[in-house]
Amino acid sequence: MHRRILAPGALAAASLLLAIPASAASYSPGAPGIGDPYYPYYGNGGYDVSHYDLRLQYQPATDELAGTATILARTTQDLSSFDLDFLLDVSEVRVNGAKADFATTGQHELVVTPKSPLAKGTPVTVVVRYSGVPSTKSAYGFSTWHRTPDGAVAADEPEAAWWWYPSNDHPLDKATYDVSVAVPDGTQVISNGLLQSTSSQRGWTRYNWRQNKPQATYLTTLAVGRFDITTSTSEGGVPVVNAYSKDLGDNDAAARASVERTGELVDWLSGYFGPYPFSSAGGYVPNTTTGYALETQTRVYYSPRQFANGSNTSVVVHELAHQWYGDDVSLKGWKDIWINEGFARYAQWLWSEHEGEGTTQELADYVYASHPADDAFWTVKPGDPGPDDQFDIAVYDRGALAVQALRNAVGDDAFFAILKGWPKEHAYGNASVADFEAYAERVSGKSLSAVFDAWLFQPTKPAEPAVKAAGTARTVAPAQPKSWRTIEATNDVH
């Protein structure tokens, strides 16, 4: 479910060969990638998006999607042309009201050449009219558009937007969203944020969703189908919207027994991470065959397989923790994935302790002891795992060990101040592992380079366990905490 891709070098050459009018010799094409070494052609250069307005129509019976995307952006260089990441069939592009030339190149690049070059700092309105059958489209040999018996779902990492809207597809370029989708009466649409309104006309119902806080493209989601939708408000005042496919079968009750605790868990996590950063919380469980969960912003995606063995609040804790660590504060580059996954896994350890099923210390000791020094587990560096190991279990479990090691190094007072202060420090922005280390050192007043190096960047097992139980040497292997199997069952989550 995770993509590891080396894009063909010909893509860059194709983009650079686009003609530049002589009168615009000082202008140049925006780069076909934003500059992430893990995914060289994800995102684009030359502009920054502030808002996406998507007005779509979708027919579940045929998987036909049609619509108009209006993108508000500002140029960051003198542009002769720019790229969007997209796969569907485009019929028209306008830039600031004027028709623009467009062409496709590479695996997922839509190259737009405006009628007139765009100076640096220019506000830009891009309108893209398009249509297509998303399930027939693929890039690099895969698709992230998931058909269901009654509709479809867009939810994947590190990419999913290409199949349903044109974008600057990298977490560095976050934006707000209005998502309006018309579907046949009796079918529903789930997306991020809050539902603003619905209206019905001539057999079609239109759902209007709004995400009013910056959101990374991979955290957008679209689900079309027949759902049972529940609404509530957490004790702390957070609106909660959950949805369950009407054909979940035997997994239905366990899914509800888990996801319906979202409000309680959001409030509980707020005690560690600070106020919940968005206008709503919730999740949805469509009837898909995928196995993972994903922290799609405010509206978490859960595969029904997450609940095949019964309820699992641990997976809900993991995905909700991402709302602070990954969604509110997003990574600068995909190499910074530890800030997302290490802390979401650690939240599961905190929940285990809360439930009396194993302390964070006991879990750290168990994980450390479970992997001998020659285990490949220790060769993965959570602080920069590489694209092939970006979602390796070591990023999660060794990543959580690193969080525990930090806690041991700075003490509980400083640690919990860091845990709560970090989302506030970089609210609605982006940050790197290096940024986090600098922040932790500033808050704790300690040099932490040795701790971060040993637990995040060395391809070897650290010489000391994350914690020495009660300061004594261990003579027997630590017992498996009661929560371990429940936590282990979430290893396919994002």
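Across every non-hydrogen atom of Ala344 and Ala321, the tightest pair is CA-CB, 4.0 Å. When all heavy atoms of Pro304 and Leu248 are compared, the pair lying nearest together is CB-CD2, 4.0 Å. In terms of heavy atoms, Glu341 sits closest to Tyr396 at OE1-CE2, 3.2 Å. Here the shortest heavy-atom pairing between Tyr302 and Val315 reads CE2-O, 4.2 Å. Of all the heavy atoms in Leu65 and Trp163, the pair that sits closest is CD2-O, 4.2 Å. Across all non-hydrogen atoms, the minimal contact from Ala431 to Asp336 is O-OD2, 4.2 Å.
Residues Tyr346 and Trp351 place their aromatic rings such that the two centres sit no closer than 6.0 Å. Separation of the Tyr177 and His51 ring centroids does not fall under the 6.0 Å cut-off. Less than 6.0 angstrom separates the ring centroid of Phe273 from the ring centroid of Trp324. The ring of His170 has its center no closer than 6.0 angstrom to the ring center of Tyr42. Taking the six-membered ring wherever Trp is involved, the centroid distance between the rings of Phe343 and Tyr272 does not fall below 6.0 Å. Residues Phe436 and Trp338 bring their aromatic ring centres within 6.0 Å. Taking the six-membered ring where the residue is Trp, the centroids of Tyr52 and Tyr165 are separated by under 6.0 Å. A centroid separation of less than 6.0 Å is found between the aromatic rings of Tyr301 and Tyr284.
One side chain, Thr62 or Glu64, offers a donor N or O that lies under 3.5 Å from an acceptor on the other. Remark: the Gln215 side chain and the Thr176 side chain contain no N/O donor-acceptor pair separated by less than 3.5 Å. Side-chain polar atoms of Ser330 and Asn430 form no donor-acceptor pair below 3.5 angstrom. Defined by atom type and a distance below 3.5 Å, a donor-acceptor pair is missing between the side-chain atoms of Thr221 and Thr296. For the residue pair Arg206 / Ser180, a side-chain donor-acceptor distance below 3.5 Å is found, with atom types taken as modelled. For the 3.5 Å distance criterion, the side chains of Tyr38 and Asp384 qualify, holding a donor opposite an acceptor. A donor atom on one side chain and an acceptor atom on the other are not found under 3.5 Å apart for Thr148 and Asn287. Between the side chains of Trp162 and Asp169, at least one donor-acceptor pair of N or O atoms lies under 3.5 Å. Side-chain contact of Asp267 with Ser234: a donor-acceptor pair under 3.5 Å is present, judged by distance alone. Side-chain atoms of Asp156 and Trp145 form no donor-acceptor pair, as typed in the model, at a separation below 3.5 Å. In summary, the side chains of Asp85 and Ser167 do not present any donor paired with an acceptor at a separation below 3.5 Å, with no hydrogens or angles considered. Looking at Gln323 and Asp328, their side chains never bring a donor and an acceptor atom within 3.5 Å of each other. A donor and an acceptor atom, one from each side chain of Thr205 and Ser200, are located under 3.5 Å apart.
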Could you give me the CA-CA distance, side-chain angles and deciding distance for His494 and Phe391, then say whether ring-ring contact (aromatic ring centres under 6.0 Å, His included) is met?
CA-CA 8 Å; His494 289 353; Phe391 299 103; 5.5 Å; yes
Given the rule in the side-chain contact (heavy atoms from CB on, under 4.5 Å) test, do Asp397 and Arg345 qualify, once you have shown the distances and angles that lead to the verdict?
CA-CA 7 Å; Asp397 285 350; Arg345 180 65 110 200; 2.9 Å; yes
Set out, in order, the CA-CA distance, both residues' side-chain angles and the distance that settles side chain to side chain donor-acceptor pair (under 3.5 Å) for Gln348 and Ser314, then state yes or no.
CA-CA 6 Å; Gln348 293 176 269; Ser314 188; 2.8 Å; yes
Going through the checks in order, is the side-chain contact (heavy atoms from CB on, under 4.5 Å) test met by Phe86 and His108?
CA-CA 5 Å; Phe86 196 45; His108 60 95; over 6 Å; no
Begin with the C-alpha distance, continue with both residues' side-chain angles, and end with the deciding distance and a verdict on ring-ring contact (aromatic ring centres under 6.0 Å, His included) for Trp334 and Tyr218.
CA-CA 12 Å; Trp334 282 108; Tyr218 86 95; 5.1 Å; yes
Should Arg256 and Thr230 be marked as a side chain to side chain donor-acceptor pair (under 3.5 Å) after you check the CA-CA gap, both sets of side-chain angles, and the distance that decides it?
CA-CA 10 Å; Arg256 292 172 188 266; Thr230 68; over 6 Å; no
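Counting heavy atoms from C-beta outward, Pro60 and Pro184 have side chains that approach closer than 4.5 Å. No side-chain heavy atom of Val300 sits under 4.5 Å from any side-chain heavy atom of Leu294. Between Ser352 and Leu363 the shortest side-chain heavy-atom distance falls below 4.5 Å. The side-chain heavy atoms of Leu84 and Val128, taken from C-beta on, include a pair separated by under 4.5 Å. The shortest distance between side-chain heavy atoms of Leu456 and Lys381 does not fall below 4.5 Å. The shortest side-chain heavy-atom distance between Arg407 and Asp412 falls under the 4.5 Å cut-off. Side chains of Pro166 and Tyr130 form a contact here, defined as non-hydrogen atoms less than 4.5 Å apart. The shortest side-chain heavy-atom distance between Gln390 and Val395 does not fall under the 4.5 Å cut-off.
The pair Asp89-Lys137 meets the salt-bridge criterion, since a charged nitrogen lies less than 4.0 angstrom from a carboxylate oxygen. A salt bridge links Asp435 to Lys332: at least one charged side-chain nitrogen sits closer than 4.0 Å to a carboxylate oxygen. A salt bridge links Arg210 and Asp178; the closest N-O separation between the charged side-chain nitrogens and carboxylate oxygens is under 4.0 Å. Ionic pairing of Lys213 and Asp327 is not present here: no N-O contact between side-chain nitrogen and carboxylate oxygen is shorter than 4.0 angstrom.
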Taking only distance into account, with no hydrogens and no angle test, what donor-acceptor pairs under 3.5 Å do side-chain atoms of residues 419-427 form with protein atoms, sequence neighbours excluded?
residue	atom	partner	partner atom	Å
Lys420	NZ	Gly271	O	3.3
Glu425	OE2	Arg442	NH2	2.6

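Annotation: the span from Ser483 atom OG to Glu353 atom CD amounts to 10.0 Å, rounded to 0.5 Å. Between the NE2 atom in His318 and the OG1 atom in Thr490 there is a gap of 6.5 Å [rounded to 0.5 Å]. Taking CD1 from Ile229 and NZ from Lys246, the interatomic distance works out to 8.5 Å, rounded to the nearest 0.5 Å.
Atom CG of Asp185 sits in a crowded spot, with more than 12 heavy atoms from other residues, nucleotides or ligands closer than 6.0 Å. Atom CG of Asn309 has 12 or fewer heavy atoms from other residues, nucleotides or ligands within 6.0 Å.
Between Asn208 and the options Ser191, Ser199, Ser197, a side-chain hydrogen bond (donor to acceptor under 3.5 Å, both in side chains) holds for only Ser197. When Val189, Asn192, Leu222 are each tested for a side chain to side chain contact (heavy atoms under 4.5 Å, CB included) with Trp209, only one passes: Val189. Considering Thr262, Thr298, Thr233, Thr231 as possible partners of Val240, the one that fulfils the side chain to side chain contact (heavy atoms under 4.5 Å, CB included) test is Thr262.
Judged purely by atom type and a 3.5 angstrom limit, Arg398 uses its side chain to pair as donor or acceptor with the backbone of Trp378.
Both cation-pi conditions hold for Lys461 and Tyr368: the charged atom is under 6.0 angstrom from the six-membered ring centre and inside a 45 degree cone around its axis.
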